[in-house]
Amino acid sequence: MKHVSPLEAASETKFKAPTRRALAKQQTRTKVLSAARRLFSEQGYEGATIRDIAAAAGMSTGAVFANFSDKSDLFREIFVSDVVALTEAMREAAGRGKNLEDTLLKMFHAGYVFYKNQLPLARAAFTVAWSPDEGPLLRNHEAVLQLQELVVEQLSAAVQRGELGQEAEVKLRAQMLWDAYLSNFPQAIFQGWSLEALQARLRDQIRIILAGARRG
């Protein structure tokens with residue numbers, strides 16, 4: 001009988017191929033999420049039903065409930081997945097900033113670009129994020145908090161390099177900047193504002209919020 005060391009056994013376990021059942025389950029989840037994303041974009045959160053999502057995915061409602069507890073669970077996975085992707089896009093954009101204002105503009109511009117072609121989904125996200133039941137869970141999700149922390153990081157870095165004064169009240173201003181960024185989405189969703197218009201408004205908001213905190 002061949003002796004298998006603990007290290008070899010752990011390696012075999014670690015790289016064990018997924019079973020056919022696991023692959024089938026993952027494929028089902030992928031189909032459901034794709035169908036749900038499309039219907040949430042087309043019909044909004046309230047308009048899209050589990051029955052509609054199941055039909056669009058080509059499966060039964062039972063198959064949907066076998067993978068997601070309810071519609072809110074399904075939407076939350078889409079929402080969090082987008083937030084994680086958005087965080088990476090904003091972090092990459094921040095790395096190209098020349099100073100604090102330029103960095104913030106690039107970060108938030110990346111956010112507007114991210115949702116440019118899926119504004120109906122952004123509208124659904126706002127609807128759910130501010131609902132009394134699901135809202136607190138989404139707004140306080142770890143992925144969302146990490147995204148907001150990017151703004152805090154940029155202001156803290158600006159204080160360290162002397163661009164902002166030590167008394168800049170970083171957390172408060174970071175929250176104000178985040179709120180300003182979000183406040184512009186209704187203009188894009190309901191009034192059709194262009195990226196240029198959003199950016200111009202945001203530039204003024206950033207200057208006002210940072211006024212008094214700049215050093216020198």
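Quick note: numbers below take in every heavy atom, side chains included, and nothing from hydrogens, waters or symmetry partners. In this text the structure is predicted, and so the values were computed from the model without any measurement.
- Looking at Ser156, its side chain never comes within 3.5 Å of a backbone N or O of Glu153 through a donor-acceptor pair.
- In terms of modelled atom types and a separation under 3.5 Å, the side chain of Lys71 and the main chain of Tyr45 share a donor-acceptor contact.
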Report task. Would you check, one step at a time, whether the test side-chain contact (heavy atoms from CB on, under 4.5 Å) holds for Val144 with Leu138? Result -> CA-CA 8 Å; Val144 176; Leu138 284 187; 5.9 Å; no
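- Taken together through direct or relayed side-chain contacts under 4.5 Å among Ile, Leu, Val, Met, Phe, Trp and Tyr, Val128 and Leu182 form part of one hydrophobic cluster.
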Query raised in the report: When you look at Asp52 and Gln43, which way does the side-chain contact (heavy atoms from CB on, under 4.5 Å) test go after all the steps?
Result: CA-CA 10 Å; Asp52 293 335; Gln43 304 176 18; 3.8 Å; yes
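- Side-chain N or O atoms of Asp73 include one that pairs as donor or acceptor with a backbone N or O of Ser69 at under 3.5 Å.
- The nearest pair of heavy atoms linking Lys106 to Ala93 is O-CB, 3.5 Å.
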Report task. Kindly determine whether Lys98 and Thr103 satisfy side-chain contact (heavy atoms from CB on, under 4.5 Å), including the steps that lead there. Result -> CA-CA 6 Å; Lys98 299 176 182 178; Thr103 295; over 6 Å; no
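- Between the side chain of Arg173 and the backbone N or O of Ile209, at least one donor-acceptor pair lies under 3.5 Å.
- Distance check: Thr87 OG1 to Leu147 CG gives 4.0 Å after rounding to the nearest 0.5 Å.
- Atoms CE and NZ, from Met59 and Lys31 in turn, are 5.5 Å apart once rounded to the nearest 0.5 Å.
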Requested in this report: Kindly determine whether Arg214 and Glu101 satisfy salt bridge (Lys or Arg N to Asp or Glu O under 4.0 Å), including the steps that lead there.
Outcome: CA-CA 11 Å; Arg214 299 181 187 280; Glu101 183 175 329; 3.1 Å; yes
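- Here the side chains of Gln205 and Ser183 are in contact, with some heavy-atom distance below 4.5 Å.
- Residues Gly165 and Val159 share a closest heavy-atom pair of O-CG2, 3.7 Å.
- Taking CD of Glu149 as the reference point, atom CD of Gln154 lies at 10.5 Å (rounded to 0.5 Å).
- For the pair Ala35 and Ala56, the tightest heavy-atom approach, listed with the atom from each and the gap, is CB-CB, 3.8 Å.
- Between the NE2 atom in His109 and the NZ atom in Lys116 there is a gap of 8.5 Å [rounded to 0.5 Å].
- For the pair Phe40/Gln118, no side-chain contact is recorded, criterion being any heavy-atom separation below 4.5 Å from C-beta on.
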Query - Pair His141-Leu137, side-chain contact (heavy atoms from CB on, under 4.5 Å): steps then yes or no - result: CA-CA 6 Å; His141 192 283; Leu137 186 60; 5.8 Å; no
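- Taking OH from Tyr112 and CD from Gln199, the interatomic distance works out to 7.5 Å, rounded to the nearest 0.5 Å.
- Looking at Leu172 and Met176, their side chains come closer than 4.5 Å, going by heavy atoms from C-beta outward.
- Just one of Glu42, Arg37, Arg38 meets the side chain to side chain contact (heavy atoms under 4.5 Å, CB included) condition when paired with Leu121; it is Arg37.
- For Ser81 (side chain) and Glu77 (main-chain N/O), no donor-acceptor pair under 3.5 Å exists by modelled atom type.
- Counting heavy atoms from C-beta on, the side chains of Phe75 and Phe68 never come closer than 4.5 Å.
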Query raised in the report: Passes salt bridge (Lys or Arg N to Asp or Glu O under 4.0 Å), Asp70 versus Arg76? Steps please.
Result: CA-CA 10 Å; Asp70 54 25; Arg76 185 163 52 251; 5.4 Å; no
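- Leu155 is listed as a side-chain neighbour of Leu177, based on a closest heavy-atom distance under 4.5 Å.
- Both Trp130 and Phe79 sit in one connected hydrophobic cluster of ILVMFWY residues. Membership requires side-chain heavy atoms under 4.5 Å apart, directly or through other members.
- Leu198 and Ile208 are not part of a single hydrophobic cluster, where members link through side-chain heavy atoms under 4.5 Å apart.
- Considering only heavy atoms from C-beta on, Asn99 comes within 4.5 Å of Glu163 through its side chain.
- Here the shortest heavy-atom pairing between Leu86 and Ala110 reads CD1-O, 4.3 Å.
- Both Val151 and Val84 belong to a single network of hydrophobic side chains, linked directly or stepwise wherever heavy atoms of I, L, V, M, F, W or Y lie under 4.5 Å apart.
- Two residues are said to be in side-chain contact when any heavy atoms from C-beta on lie closer than 4.5 Å; Asn184 and Phe108 fail this criterion.
- Pairing each heavy atom of Leu100 with each of Ala158, the nearest pair is CD2-CB, 3.8 Å.
- Counting heavy atoms from C-beta outward, Phe190 and Arg123 have side chains that approach closer than 4.5 Å.
- Residues Val113 and Ile206 share a single hydrophobic cluster, defined by chaining ILVMFWY side chains whose heavy atoms lie under 4.5 Å apart.
- Ring-plane geometry between Phe185 and Tyr181 is classed as perpendicular, the angle between the planes exceeding 60 degrees on a 0 to 90 degree scale with a lower cut at 30.
- Counted within 6.0 Å of CD on Gln191, heavy atoms from surrounding residues, nucleotides or ligands total more than 12; the atom is thus considered enclosed.
- Considering every non-hydrogen atom in both Ile53 and Val32, the closest pair reads CG2-O, 3.9 Å.
- Leu74 CG to Ile78 CD1: the interatomic distance, rounded to the nearest 0.5 Å, is 5.0 Å.
- Heavy atoms from other residues, nucleotides or ligands lying under 6.0 Å from CZ of Arg96 number more than 12.
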